[in-house]
Amino acid sequence: MVKLAEWRGKELFRRYGVPVPQGQVARSPDEAEELVRTGAVPLPCVVKAQVLAGGRGKGGAVRFANTPAEARAAAEATLGLDFKGETVKEILLEEKLAIGHEYYVSLTLDRNLRVPILIASAQGGVEIETVDDKAIDRQPVHPFPGLAAYEKRRAAKLFGLSGPTARSLDLLLDSLWRAFNQEDADLIEINPLALVGDRLIALDAKVVIEDDAVFRHPEYAEIRDDRTPLEEIAREKDIAFVQLSGNIGVIANGAGLTMATLDVLKEFGGDPGVFLDLGGTDDPKKVTEAFLLMAQAKPKAVFLNIFGGVTRCDTVATGLVEAMRQVPAADRFPLVARIRGNNEKEGIEILRAAGITATPGLKESAQAVVAAAQGRA
Amino acid sequence: MVKLAEWRGKELFRRYGVPVPQGQVARSPDEAEELVRTGAVPLPCVVKAQVLAGGRGKGGAVRFANTPAEARAAAEATLGLDFKGETVKEILLEEKLAIGHEYYVSLTLDRNLRVPILIASAQGGVEIETVDDKAIDRQPVHPFPGLAAYEKRRAAKLFGLSGPTARSLDLLLDSLWRAFNQEDADLIEINPLALVGDRLIALDAKVVIEDDAVFRHPEYAEIRDDRTPLEEIAREKDIAFVQLSGNIGVIANGAGLTMATLDVLKEFGGDPGVFLDLGGTDDPKKVTEAFLLMAQAKPKAVFLNIFGGVTRCDTVATGLVEAMRQVPAADRFPLVARIRGNNEKEGIEILRAAGITATPGLKESAQAVVAAAQGRA
Amino acid sequence: MSVLVTGETRVVVQGITGHQGTVHTRQMQLFGTHVVAGVTPGKAGTSVEGVPVFDSVQEAVDASRANASCIFVPAPFARDALIESVDAGIRLAVIVTEHIPFHDMLVMYHYAREKGARIIGPNCPGIASPGKAKVGIIPNVVFQPGRVGVISRSGTLTYEIVNGIKEHGLGQSTCIGLGGDPVIGTSFVDALPYFEQDPETDAVVMVGEIGGTAEEDAAEFIAHHFTKPVVAYIAGRSAPPGKRMGHAGAIITRGKGTAETKVAALEAAGAKVARFPYEIPDLVAGVLPTEAGR
Amino acid sequence: MSVLVTGETRVVVQGITGHQGTVHTRQMQLFGTHVVAGVTPGKAGTSVEGVPVFDSVQEAVDASRANASCIFVPAPFARDALIESVDAGIRLAVIVTEHIPFHDMLVMYHYAREKGARIIGPNCPGIASPGKAKVGIIPNVVFQPGRVGVISRSGTLTYEIVNGIKEHGLGQSTCIGLGGDPVIGTSFVDALPYFEQDPETDAVVMVGEIGGTAEEDAAEFIAHHFTKPVVAYIAGRSAPPGKRMGHAGAIITRGKGTAETKVAALEAAGAKVARFPYEIPDLVAGVLPTEAGR
């Protein structure tokens with residue numbers, strides 16, 4: 001997922017005609033002060049840390065300024081801050097508006113209905129999952145006719161809007177719908193959508209672009225910014241790699257098998273932390289790369305769980321043996337391999353010859369790797 | 001139907017990115033000469049009468065010029081010309097291109113399939129109805145996914161194009177598809193679509209906009225230019241009115257009933273020429289207006305054929321009597337009325353009281369009006 | 001049985017507060033139709049001819065269990081009205097509105113089709129089964145219960161012909177006015193199977209017009225899949241060719257679409273073809289099973 | 001019978017000249033499938049594994065009477081490939097391609113639906129009936145003919161489980177790998193009715209995953225419309241919650257979508273739920289009618 005920082009989301013909104021506050025991004029206190037001093041950002045203003053996590057208001061990541069000096073001070077207090085694991089590198093300075101009411105509106109995919117869904121609530125400005133279900137309206141939007149006028153009327157009714165304000169909601173929702181489709185968005189969320197006088201203004205912008213559609217939007221390729229460094233390397237090598245807490249590394253092929261492996265490891269008291277999905281590959285070179293990547297994550301033990309369908313067990317084994325040869329002694333880890341399927345016997349033979357335990361039983365292997373991680377092997 | 005003159009069609013093409021020759025419209029020999037002299041239109045050039053009828057090439061409505069003086073001469077020879085009933089008021093001056101091959105391509109509605117249809121032929125530059133059926137390719141295009149890549153590949157294959165020329169056909173067809181939908185077109189036709197070097201250029205442009213969609217395109221409201229003056233007045237009064245040769249005027253309600261009336265009149269030797277469809281109205285004022293319009297068309301006799309379903313026969317009769325009072329003596333015409341349905345008896349009574357023959361029988365009334373038109377009544 | 005409408009049909013009228021909507025709500029009621037709700041955005045809480053008005057079709061359906069819609073809203077809003085009714089679960093929509101751009105109707109048609117909803121119209125008189133229900137604007141007076149089905153592309157001409165059937169002492173099972181627009185939701189070929197399956201229909205009158213190939217397609221269908229007698233009439237046999245710019249349309253229907261091709265196809269399929277509207281009742285009487293439908 | 005594929009299935013492979021297309025054409029042939037045509041624009045006249053290649057699906061269908069498609073074309077072109085196959089009259093398309101943008105898949109899904117075509121996938125292993133036909137990439141070795149149906153959201157895990165069923169001495173009627181993408185053409189609820197109606201299926205194994213509500217919906221369907229025994233497994237019981245920005249997604253599935261809700265719903269619907277993949281074969285053997293499927 002390509003998650004856009006708020007300021008990027010608002011730039012996108014501007015392009016599609018969704019009203020946003022007057023504002024600009026800054027990366028230093030000097031820059032912040034300058035933006036306010038020159039009037040590029042009017043006073044009083046809001047200074048918002050550009051992090052992806054929610055709850056910025058309560059978390060001290062949103063400040064206010066009435067003078068250029070205060071804007072500088074707010075910038076100094078915010079930039080460099082660690083907010084829920086993200087370091088603040090950018091701040092957004094925006095005019096402070098007199099808010100009449102705060103609404104919530106978003107567009108995302110309903111996987112079950114297989115259509116986009118328009119979610120609206122008259123209770124905006126709070127995290128939507130804290131809002132009572134009955135106060136949230138969900139309208140499926142079929143992609144062929146697109147967002148219908150009656151759906152926009154329903155949203156206006158929910159918000160209690162009429163006249164020119166209802167009309168501006170109309171235009172705003174049309175803009176969101178166009179943006180959602182033309183930008184291949186996974187999510188577009190405005191929370192809060194503020195009533196300022198009789199105008200509606202998007203005070204926040206959460207935009208997530210679909211990873212698989214980035215080939216149509218090369219401008220997004222460079223701003224995927226929620227990966228760990230190892231995840232980033234894995235992406236470049238086109239290996240599915242997820243890093244969490246936990247001390248057992250899991251290399252499997254296929255997401256379902258990876259998850260099933262995780263379930264079994266947990267059942268036997270294991271604490272898996274790094275997941276590496278080989279997908280359909282059995283290219284020994286790629287297997288080697290994957291293992292070297294795994295070694296960098298410094299797991300206590302590694303479990304290789306492969307079902308060879310299209311994948312051949314022997315070539316995976318060959319890549320694995322090569323990898324173990326390349327891993328520096330200091331980074332070595334206990335390895336349990338469980339391989340089944342296509343050329344299973346040849347694979348087990350190759351591994352055994354290299355001194356690696358390999359069995360076809362999932363249960364037994366899982367127990368073995370948990371023991372190894374706990375230093376019991 | 002709003003039929004765009006060639007130059008308007010080409011302006012539309014330019015907006016959508018369909019390549020057209022460099023050219024400009026002129027309305028006087030001075031203007032034509034000036035366009036060429038200033039280089040706005042390069043030499044040698046083509047001078048084309050802006051009329052809607054086809055067959056201009058053979059009909060002397062297309063000329064060529066190598067000098068500004070020749071351009072003036074061509075303009076003088078063309079402007080004011082009567083071409084198949086249209087007076088030439090505008091000419092289009094365009095660069096003359098070295099044509100490699102001429103293709104045909106159009107988009108229109110397939111009423112049966114209920115989708116737009118892409119029609120292509122490698123035999124362009126001639127009237128498409130003279131082309132053998134087997135040399136014409138028809139591809140339905142579903143409005144939801146829109147024009148598909150495979151459909152464009154098929155057109156390129158038919159035209160024998162590959163490489164960059166196939167790619168430019170791709171872009172051209174995408175542009176046509178967008179124009180067809182966004183402009184609510186009934187027809188977009190390029191004939192010929194010329195291969196000039198490795199570029200494809202639309203040498204002609206036939207664009208018809210759907211009448212019913214003009215509310216979305218106010219810019220077209222003023223350029224419906226294929227109506228007779230009476231048809232234009234009828235349109236302003238929102239009365240369906242068609243003027244052809246023939247001497248019997250027919251006023252009916254509903255297109256089907258109008259056609260059936262025509263069939264019956266012809267059967268009895270009549271020659272109906274003006275058709276006026278009251279539609280669903282029974283507003284006496286509108287009926288009066290319709291009759292006064294009919295009077296202006298100077299029919300030999302008029303047949304009023306009304307089936308009152310929603311329409312009330314008595315109010316139609318009231319409007320009719322009022323109209324006959326207003327028609328100047330010189331414009332009077334024999335009238336036969338046949339009214340059926342809702343308040344039939346009251347209507348017949350009102351007409352009889354005003355001295356107008358009214359019966360409920362279609363056959364008998366038709367015979368009566370034919371006799372009247374032939375001076376036999 | 002009967003076709004598409006029954007005694008269980010519950011109609012919501014979209015655009016009920018407009019002149020046409022109000023007039024025809026009354027007429028539908030007089031026909032015996034259950035008109036259970038009306039919709040006009042912003043008019044919720046009012047009523048028309050005793051029918052409660054709602055802001056949206058969903059609210060109307062929730063409150064009234066409407067299962068058919070009659071759409072009178074002006075052309076620029078018709079597309080939205082249809083989509084709204086389909087989304088609210090309505091599976092039969094009669095669109096009376098005329099002058100809907102065909103580009104809109106293309107979207108409406110294919111959307112309804114995906115959702116399994118049937119559109120009749122637009123620009124049509126609608127559907128009626130005497131003694132059961134009417135959704136649309138066909139005048140009540142032309143009907144009497146009977147066993148003749150009628151499918152027509154025309155408006156007023158339909159009334160004339162249906163009335164002729166009545167005056168001949170016959171009655172109708174169901175009459176559908178398909179509408180004459182470039183894109184219609186239900187064509188002859190779409191409608192015929194319903195009449196084939198309807199045990200209350202003994203014969204069908206088909207009223208066509210020149211232009212398009214709907215009648216030729218119907219003839220094809222009749223020849224292979226329709227077992228009941230058909231009487232047809234094609235209006236416009238002697239109409240002059242339309243003024244048409246460009247020739248793409250003619251290419252599509254090449255060799256079809258004239259009165260001659262339609263009449264020939266229908267006769268080849270076994271239909272009796274009337275030359276004039278007033279010949280229809282006699283032809284119908286001739287093809288009906290003895291004593292049926294009288 | 002069997003489900004969706006039969007001995008009469010005739011497969012056209014779209015993207016046959018690519019590596020995957022070629023490899024799996026061979027595998028499908030080895031499975032006994034009639035692979036009758038391939039399509040790669042510009043490669044007409046060549047052949048792959050003895051299968052003639054055409055420029056377009058229409059040409060392939062005209063020449064070979066193909067009635068199912070297996071799509072391997074790269075993601076940016078998959079949308080076009082599916083529309084082309086639907087337009088050529090193909091009514092079963094297995095899309096193996098991964099990384100298709102879901103916005104494309106929305107169009108593909110609804111278009112196929114309007115046309116009455118079924119999509120399996122994308123990003124899926126496809127469908128196979130041992131002894132009849134395979135459309136997709138499930139390894140041949142895991143199959144043997146039998147009476148257990150398998151429906152799975154997973155890839156490799158499916159192979160593992162199908163193989164487990166075989167090693168237990170049971171066999172499969174039909175196995176469908178639905179694919180794990182955000183928008184899939186065929187869900188559990190779409191697939192279950194086929195197995196209900198298939199006289200060659202005695203029990204169904206359902207392999208689900210956390211996320212979405214497809215398993216809960218399947219449970220609902222099973223409770224009311226499915227009469228055969230079901231054994232289920234939900235992968236990811238102990239998976240950490242995904243990193244997700246924004247909360248709109250969670251709002252949609254509120255109170256559903258976890259392993260707990262899925263397992264509870266399936267058990268309430270009468271399914272036996274395995275805690276680990278290796279428990280499945282025993283559970284299946286336990287629910288099968290005596291001696292059936294062996």
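Because the structure is a prediction, the values reported are computed rather than measured. Protein chains get the first letters and strands the later ones, always in sequence-line order, with residue 1 at the start of each.
- Heavy atoms of A/Asn181 lying under 4.5 Å from chain D belong to its backbone as well as its side chain.
- Taking chain D as the reference chain and counting heavy-atom pairs below 4.5 Å, the highest number among A/Ala53, A/Pro143, A/Ala185 is found for A/Ala185.
- Heavy atoms closer than 4.5 Å to chain A are found nowhere in D/Ile161, neither backbone nor side chain.
- Between the CZ atom in D/Arg26 and the OG1 atom in D/Thr22 there is a gap of 12.0 Å [rounded to 0.5 Å].
- Each of D/Ser154, D/Ala235, D/Gly155, D/Ala75 has some count of heavy-atom pairs under 4.5 Å with chain A, and the biggest count is that of D/Ala235.
- Each of D/Pro182, D/Ser152, D/Pro139 has some count of heavy-atom pairs under 4.5 Å with chain A, and the biggest count is that of D/Pro182.
- In this structure, chain D has a heavy atom under 4.5 Å from the side chain of A/Phe215, while its backbone stays farther away.
- D/Ile138 does not touch chain A: none of its heavy atoms, backbone or side chain, sits under 4.5 Å away.
- The part of D/Asp217 that comes within reach of chain A is its side chain, from C-beta onward, which places non-hydrogen atoms under 4.5 angstrom from that chain.
- For A/Arg114, the parts sitting under 4.5 Å from any heavy atom of chain D are the backbone and the side chain alike.
- When only modelled atom types and interatomic distance are considered, A/Tyr103 and A/Gln123 share no side-chain donor-acceptor pair under 3.5 Å.
- Here the side chains of A/Ile248 and A/Val370 are in contact, with some heavy-atom distance below 4.5 Å.
- Of the listed residues D/Glu167, D/Gln20, D/Arg153, D/Met105, the one with more heavy-atom pairs under 4.5 angstrom with chain A than any other is D/Glu167.
- Proximity to chain A (any heavy atom under 4.5 Å) is restricted, for D/Pro277, to the side chain, taken from C-beta onward.
- Enclosure of atom NZ in D/Lys272 is not indicated, since only 12 or fewer non-hydrogen atoms of other residues, nucleotides or ligands lie within 6.0 angstrom.
- Residue D/Lys115 qualifies as enclosed at atom NZ: its count of foreign heavy atoms under 6.0 Å is above 12.
- Within the cation-pi definition used here (under 6.0 Å to the ring centroid, within 45° of the axis), D/Arg237 qualifies as a partner of D/Phe276.
- Contact annotation for D/Tyr109: only side-chain heavy atoms (C-beta onward) come within less than 4.5 Å of a heavy atom of chain A.
- D/Tyr278 touches chain A through its side chain: at least one heavy atom from C-beta onward sits under 4.5 Å away, while N, CA, C and O do not.
- Between the CG atom of A/Leu173 and the CD atom of A/Gln139 there is a distance of 9.5 Å, given to the nearest 0.5 Å.
- Only the side chain of D/Asp190 comes within contact range of chain A, with at least one heavy atom under 4.5 Å from a heavy atom of that chain.
- In this structure, chain A has no heavy atom under 4.5 Å from any part of D/Val141.
- Among A/Asn112, A/Asp263, A/Leu257, the residue making the largest number of heavy-atom pairs under 4.5 Å with chain D is A/Asp263.
- In this structure, the portions of D/His103 lying under 4.5 Å from any heavy atom of chain A include both its backbone and its side chain.
- No side-chain N or O of D/Glu279 forms a donor-acceptor pair with one of D/Tyr233 less than 3.5 Å apart.
- Put simply, the side chain of D/Leu106 reaches to within 4.5 Å of the side chain of A/Pro116, judged on heavy atoms.
- With a 4.5 Å cut-off on non-hydrogen atoms, A/Lys266 touches chain D through its side chain but not through its backbone.
- A salt bridge is defined here as a Lys NZ or Arg NE, NH1 or NH2 lying under 4.0 Å from an Asp or Glu carboxylate O, and A/Asp314 with A/Lys345 fails to meet this definition.
- Of the inter-residue distances, the one linking A/Leu113 atom CG with A/His142 atom NE2 reads 11.0 Å to the nearest 0.5 angstrom.
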